[in-house]
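Everything on this sheet refers to the single structure shown next.
Sequence positions, counted from 1, serve as the residue numbers for this chain.
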Amino acid sequence: QVQLVESGGGSVQAGGSLRLSCAASGDTYSDYCMGWFRQAPGKEREGVAIIYTGGATRYYADSVKGRFTISQDNAKNTLWLQMNSLNPEDTAMYYCAAGPFVCGARWLRRSYDFDYWGQGTQVTVSS
């Protein structure tokens with residue numbers, strides 16, 4: 001099992017940056033598909049970025065490509081999401097998630113496959 005705790009959310013103005021962190025504990029020895037998802041009020045949860053901890057390939061939603069970067073530390077205990085050039089459409093609750101499988105781009109649309117979730121961290125971008 002894996003426990004996930006997000007931090008780093010907050011309020012910024014459009015054009016600003018935030019860095020989200022996800023601290024993982026428990027079974028961090030195994031490789032997981034890990035990702036960031038977000039959900040705005042009245043909208044469905046959407047995948048933002050995912051990475052397989054056993055590889056180097058990252059996948060991003062089209063809406064964040066070139067602005068957001070997902071990364072992990074070598075010990076696989078921390079997952080980050082660097083968010084630059086934020087705009088009001090990025091306002092949402094951001095969740096860290098993990099699943100015990102090798103993932104590719106399509107898992108951006110398969111949040112239901114992820115077994116472990118953090119409690120979320122709020123990101124608010126004002127214009």
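- Without hydrogens or angle criteria, Glu6 side chain to Cys96 main chain gives a donor-acceptor distance under 3.5 Å.
- The aromatic rings of Phe37 and Trp117 are tilted relative to each other, their planes meeting at an angle between 30° and 60°.
- Gln39 places no side-chain N or O within 3.5 Å of a backbone atom of Ala92 that could act as its donor or acceptor partner.
- Annotation: side chain of Thr91 is in contact with side chain of Gln122 (closest heavy-atom distance under 4.5 Å).
- Transitive grouping of hydrophobic side chains (ILVMFWY, heavy atoms separated by less than 4.5 Å) keeps Val2 and Tyr95 in distinct clusters.
- The CE atom of Met93 lies 8.5 Å from the OG1 atom of Thr124; values are rounded to the nearest 0.5 Å.
- Residues Met34 and Ala98 come closest through the heavy atom pair CG-CB, 4.0 Å.
- The distance between the ring centers of Phe114 and Phe101 falls below 6.0 angstrom.
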Can you give the donor-acceptor pairs under 3.5 Å from side chains of residues 10-25 to other protein atoms, not counting sequence neighbours?
| from | atom 1 | to | atom 2 | distance (Å) |
| --- | --- | --- | --- | --- |
| Ser17 | OG | Asn84 | OD1 | 2.9 |
| Ser21 | OG | Trp80 | NE1 | 3.4 |
| Ser25 | OG | Gln3 | OE1 | 3.4 |

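- Other residues, nucleotides and ligands place more than 12 heavy atoms under 6.0 Å from the CD atom of Gln119.
- Between Val123 and Arg38, every side-chain heavy-atom pair lies at or beyond the 4.5 Å cut-off.
- We find the CG-OG distance between Leu79 and Ser71 to be 7.0 Å, quoted to the nearest 0.5 Å.
- Formation of a donor-acceptor pair under 3.5 Å by the Thr121 side chain with backbone atoms of Tyr94 is not found in this model.
- A side-chain donor-acceptor contact under 3.5 Å links Tyr60 to the backbone of Ile70.
- Residues Asp90 and Arg67 are in side-chain contact: their nearest non-hydrogen atoms beyond the backbone lie under 4.5 Å apart.
- Note that CD of Gln1 and OG of Ser30 are 12.0 Å apart. Values are rounded to the nearest 0.5 Å.
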Please list, one pair per line, the donor and acceptor atoms closer than 3.5 Å that link side chains of residues 48-57 to other protein atoms, with sequence neighbours excluded.
| from | atom 1 | to | atom 2 | distance (Å) |
| --- | --- | --- | --- | --- |
| Thr53 | OG1 | Asp31 | OD1 | 3.1 |
| Thr53 | OG1 | Tyr32 | N | 2.8 |
| Thr53 | OG1 | Tyr32 | O | 3.2 |

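- Separation of the Phe68 and Trp36 ring centroids does not fall under the 6.0 Å cut-off.
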